[in-house]
Amino acid sequence: MTDPSPSVRDAVARAADYIATWWAFQGAQRAVPGIQAAIRLRGELVLDFAWGVSDVETGAPVTSESLFRIASHSKTFTATAVMQLVEDGALRLDDPVVQWIPELADTPLSAVSVRELLGHQAGVIRDGVDADYWQRGADFPDRERLLRICREEGRIAGANEYFKYSNIGYSLLGLVIEAASGRSYRDYTDQRIVAPLGLTRTGAEWDAARADDYAAGHTGLIAADDRRRRITHVDTRAMAAATGWYSTAAEVSDYLSAHAEGDTRLLSDASKRLLHRRESTVPIGEITRHYGLGFELREIDGHDLVGHSGGYPGHITRTWLDPETGIVVSVLTNAIDGPADTLATGALRLLRAAVDTADADARIADITGRYASLWSVLDLVDLGGQTVGLYPGSPDPAGLVEPITATDGILRLEAKPGFGAVGEEVRVARDDAGLVESIVWSGMTMWPIDRFRAALQTAQPGDVLERMSL
């Protein structure tokens with residue numbers, strides 16, 4: 001990858017500033033307890049974001065240093081460790097699992113390969129027939145119980161019969177790493193992944209000594225009047241390789257930046273290409289997804305993304321790498337209904353839109369800001385090299401971008417097919433100091449959001465127009 005141009009760096013920085021306001025708007029609108037997020041460009045930290053509370057019972061704030069459980073992000077660390085051992089010659093992807101875990105001899109899983117486990121193609125049961133440990137009904141399995149699950153109930157499908165996501169299968173990979181390296185899973189990953197990247201707030205398992213540093217997990221909201229309850233952290237024991245890791249958004253984004261081509265801190269480019277290529281096609285309703293070896297793959301707007309999500313009791317997380325631009329977005333939330341995927345994917349689409357128009361020259365000075373009317377909240381934003389209208393209440397604001405053009409001092413929405421007021425004039429009213437007092441968008445007046453909200457709290461909707469015009 002080549003270094004980004006100054007115009008691209010500027011576009012990403014401007015978009016990141018806006019994305020921070022969008023994340024905060026979404027967090028408040030969805031009643032999310034807390035959000036921690038980060039944006040990087042070619043490894044450089046562009047935005048380190050923290051919003052909301054770490055614990056709804058104490059009101060302690062989320063900070064950029066709060067620790068979050070990143071759950072199935074753990075699979076990417078495990079896949080990285082496996083490939084390091086392959087590069088070292090200590091392990092082969094086609095090794096049968098029984099070679100490293102002899103307790104599986106004479107079981108239906110003995111012949112499955114390391115590669116099949118990495119790609120969720122081994123036909124292994126997802127979490128066991130009794131998986132209430134995911135909702136605090138029991139402890140997570142230790143090694144003995146993990147192996148018992150594998151022996152007694154582990155085989156559900158034939159190898160390579162279909163993609164079958166399995167936390168049990170990835171837990172076995174943790175045991176493979178221990179056997180091939182001669183070290184515990186935690187010691188190996190600390191020495192070969194955490195230390196080389198200089199990470200200080202990342203690890204493979206719950207660290208009770210740092211309990212006060214963790215953001216609390218919280219229950220979801222089933223109905224609007226539900227109360228969120230705190231969910232305590234627990235050790236994931238023998239399942240750490242599948243779901244135990246913790247980190248911060250800034251450090252997760254640094255780790256995933258190491259998976260961009262040209263960055264050899266953890267793996268060769270050849271190994272990364274193997275991990276990131278499409279191993280499985282996964283149709284989900286009308287959407288087709290893909291999985292590599294330990295990495296989720298998604299195509300958005302014709303661009304390939306690499307990353308993973310995570311779902312730990314009370315924490316939902318998502319991180320994406322855009323290999324083409326070198327942009328990484330990581331979003332960590334501390335509620336079981338946290339919109340991490342929506343926020344990360346929406347941010348990436350905004351960043352791509354900014355990069356794609358970085359060299360345009362269509363910014364319109366002095367009209368940017370957040371406006372509101374009875375119908376909507378609208379942001380006028382410099383996105384890349386153009387000024388556009390975005391709707392912060394949308395889960396995908398990039399999907400509703402409305403560019404504004406300026407010709408002979410007249411502002412208009414871009415003339416294109418659409419259900420909105422496309423091609424129509426945008427009028428701007430200013431005070432004596434030249435500051436924007438209101439805009440007319442789609443024929444309706446909109447005011448700076450703080451003014452509109454204050455007026456709406458003290459007047460009937462039909463009276464707001466009269467009050468705001470005083």
Between [X] and [Y], a side-chain donor and acceptor under 3.5 Å:
X	Y	value
D341	S309	no
T319	H73	yes
S253	S330	no
Y255	T80	yes
Y185	T78	yes

* Would you check, one step at a time, whether the test salt bridge (Lys or Arg N to Asp or Glu O under 4.0 Å) holds for E437 with R430? => CA-CA 5 Å; E437 284 190 319; R430 300 178 183 272; over 6 Å; no
Once you round to the nearest 0.5 Å, how far does [atom1] of [X] lie from [atom2] of [Y]?
X	Y	atom1	atom2	answer
L117	S166	CG	OG	8.0 Å
D379	T21	CG	OG1	5.5 Å
R126	I168	CZ	CD1	10.0 Å
Q26	T333	CD	OG1	12.5 Å

Flag side-chain contact, heavy atom, 4.5 Å: [X] against [Y]:
X	Y	answer
L378	I449	no
T219	I231	yes
V252	T202	no
L275	L267	yes
L332	I35	no
I404	L413	yes
I439	L411	no
P403	K416	yes

So, using ring pair (Phe, Tyr, Trp, His ring centres under 6.0 Å) as the criterion, who are the partners of [X] when residues are at least two apart?
X	result
Y170	H120
H276	H259, F295
Y162	none

Over 12 foreign heavy atoms within 6.0 Å of [atom1], [X]:
X	atom1	value
R427	CZ	no
R265	CZ	yes
D132	CG	yes
I287	CD1	no

* Could you check T200 against E251 for side chain to side chain contact (heavy atoms under 4.5 Å, CB included), going step by step and ending with a plain yes or no? => CA-CA 8 Å; T200 62; E251 292 203 352; 3.4 Å; yes
* Asked: Got a sec, which pairs hit salt bridge (charged side-chain N to carboxylate O under 4.0 Å, His left out) with one end in residues 220-229, sequence neighbours left out?
  ->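 Qualifying pairs: R228-D337.
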* **Pair listing, salt bridge (charged side-chain N to carboxylate O under 4.0 Å, His left out) test, anchored in residues 65-82, at least two apart** =>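 Qualifying pairs: R69-E205.
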For [X] versus [Y], what's the shortest heavy-atom pair and its separation?
X	Y	result
A38	L45	CB-CD1, 4.1 Å
A335	I316	O-CG1, 3.3 Å
L41	I327	CD1-CG1, 3.7 Å
L390	P392	O-CD, 3.5 Å
G43	S257	CA-OG, 3.8 Å
V306	P323	CG2-CG, 4.0 Å

* Does the pair V381 and T387 meet the rule for a side chain to side chain contact (heavy atoms under 4.5 Å, CB included), with working shown? -> CA-CA 6 Å; V381 179; T387 301; over 6 Å; no
* Asked: Can you list the steps and then say if M444 with S376 is a side chain to side chain contact (heavy atoms under 4.5 Å, CB included)?
  -> CA-CA 10 Å; M444 286 188 285; S376 64; over 6 Å; no
* Salt-bridge test for D269 and K272: reply yes if a basic N is under 4.0 Å from a carboxylate O, no otherwise. =>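 Result for this pair is yes, salt bridge flagged.
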* Ion pair check, E324 and R352, cut-off under 4.0 Å ->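 Salt bridge flag = yes for R352 with E324.
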* Go through the structure and list residues passing side-chain contact (heavy atoms from CB on, under 4.5 Å) with E424, not counting sequence neighbours. =>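 Per chain and number, E424 pairs via side-chain contact (heavy atoms from CB on, under 4.5 Å) with A421.
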For residues 358-367, please give each side-chain donor-acceptor pair under 3.5 Å, one per line with the distance, not counting sequence neighbours.
| residue | atom | partner | partner atom | Å |
| --- | --- | --- | --- | --- |
| D359 | OD1 | S7 | OG | 2.6 |
| R363 | NE | G384 | O | 3.0 |
| R363 | NH2 | D10 | OD2 | 3.2 |
| R363 | NH2 | G384 | O | 3.0 |

* Backbone N or O of R186 within a donor-acceptor pair of the T189 side chain at under 3.5 Å? ->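 Yes: the side chain of T189 pairs with the backbone of R186.
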* **Sidechain-backbone polar pair: D301 side chain, H303 backbone, donor-acceptor under 3.5 Å** =>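 Not confirmed, D301 side chain does not pair with H303 backbone.
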* **Residue pairs passing the side chain to side chain donor-acceptor pair (under 3.5 Å) test where at least one lies in residues 390-415, sequence neighbours excluded** =>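 Sorted result for residues 390-415: R349-D396, Y391-E402, Y391-W441.
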* **Qualifying side chain to side chain donor-acceptor pair (under 3.5 Å) pairs with a residue from residues 43-64, counting only residues at least two apart or across chains** =>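 Qualifying pairs, neighbours excluded: R9-E44, D55-R230, E57-R230, T63-S66.
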* H290 ring center within less than 6.0 Å of F163 ring center ->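 No, the ring centres sit 6.0 Å or more apart.
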* **Pair W134 and Y312, ring centroids less than 6.0 Å apart** =>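 For W134 and Y312, the ring centres are not under 6.0 Å apart.
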* For the pair W447 and F452, name the ring-plane relationship: parallel under 30°, tilted 30 to 60°, perpendicular over 60°. =>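 The rings of W447 and F452 lie parallel, inter-plane angle below 30°.
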* Return the orientation label for the Y291 and Y165 ring planes: parallel under 30°, perpendicular over 60°, tilted otherwise. =>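 The rings of Y291 and Y165 stand perpendicular, inter-plane angle above 60°.
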Hey, could you give me each pair passing ring-ring contact (aromatic ring centres under 6.0 Å, His included) that has a residue in [range]? Not counting sequence neighbours.
range	answer
residues 16-35	W23-F49
residues 326-350	none
residues 194-223	W206-Y214, W206-H233, Y214-H233, Y214-Y246

* Asked: Just one of R298, R273, R277, R278 clears the salt bridge (charged side-chain N to carboxylate O under 4.0 Å, His left out) bar with D304, so which one?
  ->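 Of R298, R273, R277, R278, salt bridge (charged side-chain N to carboxylate O under 4.0 Å, His left out) with D304 is met by R278 alone.
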